[in-house]
Amino acid sequence: MISINLNNKENLKLTPIFVKNRIPYIRNENNGCITIALPEKRIPQYKILNKSAVEFSNLMDGTNTVQMILDLLAKKYGENHRTAITTDMGIVLSTF
């Protein structure tokens, strides 16, 4: 797993892309989460993405920078949640 340091200003300029058609298995769960199989393993490695991770992945379309995604979510959920959002975003980016 690659660690993404979001305290590094250069990493905030990245424009991540979550390419759903490269994921061999995606299942929408009833609770708003999704289950995916990561494609790079010979034996699939399944991950469950919670609602926050799903929201991040939907915004990772190649047009939004990491900073833009963090700003959008901080505006939606409140600036007092920015640290938690940043931590969660780092985990999501490190997963893919």
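Below, each value reflects all heavy atoms present in this structure, side chains not excepted, and no hydrogens, waters or symmetry copies.
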| task | Take Met60 and Val92 through the test side-chain contact (heavy atoms from CB on, under 4.5 Å) and record every step on the way to the result. | result | CA-CA 11 Å; Met60 293 189 308; Val92 170; 4.1 Å; yes
If I take atom [atom1] from residue [X] and atom [atom2] from residue [Y], how far apart are they, to the nearest 0.5 angstrom?
| X | Y | atom1 | atom2 | answer |
| --- | --- | --- | --- | --- |
| Ile48 | Arg27 | CD1 | CZ | 7.5 Å |
| Ile85 | Arg82 | CD1 | CZ | 7.5 Å |
| His81 | Lys76 | NE2 | NZ | 12.5 Å |
| Ser57 | Ile34 | OG | CD1 | 5.0 Å |
| Asn31 | Asn50 | CG | CG | 9.5 Å |

| task | Could you go through the side-chain contact (heavy atoms from CB on, under 4.5 Å) check for Leu70 and Val66 one step at a time? | result | CA-CA 6 Å; Leu70 293 174; Val66 171; 4.0 Å; yes
| query | So do the side chains of Phe56 and Leu49 get within less than 4.5 Å of each other, counting heavy atoms only? | reply | no
| Does Leu73 reach the side chain of Leu59, with side-chain heavy atoms less than 4.5 Å apart? | yes
| Connected via hydrophobic side-chain network under 4.5 Å: Tyr77 and Val54 | yes
Locate the shortest heavy-atom distance separating [X] from [Y]; write the atom from each residue and the value.
| X | Y | value |
| --- | --- | --- |
| Ala37 | Pro24 | O-CD, 3.2 Å |
| Lys51 | Cys33 | N-SG, 4.1 Å |
| Ile26 | Ile23 | CG1-CG2, 3.5 Å |

| request: Apply the side chain to side chain contact (heavy atoms under 4.5 Å, CB included) test between Met89 and each candidate in Leu93, Thr87, Thr86; give the one that qualifies. | output: Leu93
